[in-house]
Amino acid sequence: MTAPALVLVSNGPAEIATEQVVHALRKEMQIRRPELSIHLAFCGKASPTGKQTLKALDSRGTKETVLVPLDFTSVASATEDVVAMHESLKSAFPQMKIGLAKPIGPVSELLNIVDERLRAALTANRCLELDGLVLAAPSFGDTRGSGVLLRRARQWSSHHKLPVVFACGDGTGSSVKSAISSLHDQGRRSIAVGSLFLTPDDCYQALYENALANRAIAISSPFGPDPRLCNLIMARYSFEAMKMLDMAFENQKQAPSNIAQLHLG
């Protein structure tokens with residue numbers, strides 16, 4: 001049985017910086033998992049779109065596909081744009097089974113990447129003292145995601161034994177300016193910002209500039225095509241692929257009884 005194709009779905013803005021990172025991440029995953037068919041789809045105006053990718057897969061005879069949203073803030077479900085893409089693709093390719101995996105979400109493993117990136121930024125800026133942290137994300141995510149993001153901030157605070165305030169870049173929660181100000185009000189002066197961003201998109205750039213303008217001593221770089229993301233993506237893909245397999249087996253079990261009922265009728 002051939003494994004379903006894996007399609008990385010970017011629902012961020014159609015920016016060159018975003019495209020470059022996502023393409024590099026796909027290449028990294030393909031190197032690590034050569035037995036899988038790994039592709040991209042963008043929700044924005046960038047190419048390839050979901051329909052372009054699935055049209056190419058369909059022409060190759062692909063029967064099953066799993067979409068994996070590159071979303072590090074939502075937990076329960078994908079964003080509206082990704083859900084709309086999924087529904088549109090199911091209608092456009094009824095002959096193909098198309099699963100939608102849950103978002104990667106703000107899993108605790110991401111804090112290890114943030115720590116590594118922030119240490120590099122502190123070293124580059126020759127920062128020797130640190131007495132406060134801000135954990136920044138693109139958005140506040142969905143209802144469950146917002147709760148997990150705040151839990152990650154508390155976890156990060158406990159790990160470093162420093163006060164941590166959460167901030168987001170799209171206005172759905174505290175801004176990085178207000179987060180830094182709240183730490184300044186506590187008497188904290190050497191404040192660094194750790195970012196839960198995949199790419200250096202416009203939202204990240206605005207957050208970066210605001211952090212510097214409000215006297216942050218260092219800001220961590222986005223994750224980029226970090227190899228550790230591959231395992232997180234594969235976990236979401238594998239869970240959805242197994243769910244699709246279980247549904248297929250269940251349908252096979254039900255098929256004979258349906259035929260028997262038809263004959264009896």
Side-chain angles (χ1 to χ4, degrees), residues 4-19 21-23 25-26 38-55 57-58 64-94 96-107 110 135-152 166-175 195-207 222-223 229 232-233 235-237 239-241 243-244 247:
L6 190 165
V7 177
L8 303 174
V9 179
S10 173
N11 63 335
E15 299 173 8
I16 294 177
T18 299
E19 293 178 41
V21 169
V22 178
H23 277 284
L25 181 59
R26 188 208 69 80
I38 303 176
H39 305 269
L40 298 177
F42 292 90
C43 279
K45 297 179 180 179
S47 294
T49 64
K51 286 188 177 179
Q52 288 172 337
T53 295
L54 263 69
K55 184 177 180 181
L57 289 172
D58 186 49
E64 296 180 320
T65 299
V66 173
L67 310 179
V68 181
L70 296 176
D71 181 345
F72 298 99
T73 59
S74 300
V75 172
S77 61
T79 63
E80 291 182 2
D81 288 346
V82 175
V83 171
M85 170 191 277
H86 181 224
E87 293 299 324
S88 175
L89 293 176
K90 288 195 298 183
S91 297
F93 302 93
M96 189 185 298
K97 293 181 181 177
I98 307 171
L100 176 59
K102 287 191 177 298
I104 296 167
V107 293
L110 295 177
L135 185 62
S139 73
F140 217 7
D142 56 9
T143 302
R144 286 185 60 192
S146 61
V148 176
L149 284 165
L150 294 176
R151 194 184 313 156
R152 294 291 169 256
F166 180 77
C168 60
D170 69 349
T172 54
S174 296
S175 67
S195 69
L196 289 166
F197 281 73
L198 175 62
T199 71
D201 58 16
D202 286 349
C203 183
Y204 172 83
Q205 295 298 337
L207 183 140
F223 301 143
L229 298 179
L232 302 177
I233 292 168
R236 295 291 183 263
Y237 163 82
F239 185 86
E240 183 63 25
K243 188 167 70 173
M244 292 168 64
M247 290 175 61

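Hydrogens, waters and symmetry mates are skipped; everything else that's a heavy atom, side chains included, is used.
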### Any residue meeting ring pair (Phe, Tyr, Trp, His ring centres under 6.0 Å) with Phe140, in chain and number order, not counting sequence neighbours
Phe166

### Query
How would you list, by chain and number, every residue that makes a ring pair (Phe, Tyr, Trp, His ring centres under 6.0 Å) with Tyr237, sequence neighbours excluded?
none

#### Entry: Side-chain donor or acceptor of Thr53 paired with backbone N/O of Gly50 under 3.5 Å
no

### Task
State whether the side chain of Glu19 and the backbone N or O of Ala46 hold a donor-acceptor pair below 3.5 Å, judged by distance alone.
no

I'd like to check the side chain to side chain donor-acceptor pair (under 3.5 Å) partners of [X]; sequence neighbours left out, ordered by chain and number.
X	value
Arg26	none
Ser139	Thr73
His86	none
Ser88	none

### Query
Phe197 versus Leu207: any side-chain heavy-atom pair under 4.5 Å?
yes

### Query
For Lys51, which residues count as a salt bridge (charged side-chain N to carboxylate O under 4.0 Å, His left out) partner, sequence neighbours excluded?
none

### Query
Taking only residues two or more places apart in sequence, or in another chain, which ones meet Pro200 in a side-chain contact (heavy atoms from CB on, under 4.5 Å)?
Ala17, Val21, Tyr204, Gln205, Pro222

### Task
Report the residues that fulfil side-chain contact (heavy atoms from CB on, under 4.5 Å) with Ser175, sequence neighbours left out, ordered by chain and then residue number.
Lys177, Ser178

### Query
What's the verdict on side chain to side chain contact (heavy atoms under 4.5 Å, CB included) for Val107 and Arg236, showing C-alpha distance, side-chain angles and the deciding distance?
CA-CA 12 Å; Val107 293; Arg236 295 291 183 263; 3.7 Å; yes

Determine all donor-acceptor pairs shorter than 3.5 Å in which one atom belongs to a side chain in residues 74-82; sequence neighbours excluded.
from  : atom 1 : to    : atom 2 : distance (Å)
Ser74 : OG     : Asp71 : OD2    : 2.9
Thr79 : OG1    : Asn11 : ND2    : 2.8

### Query
Can you pull the salt bridge (charged side-chain N to carboxylate O under 4.0 Å, His left out) pairs that have at least one residue in residues 82-94, sequence neighbours excluded?
Glu87-Lys90

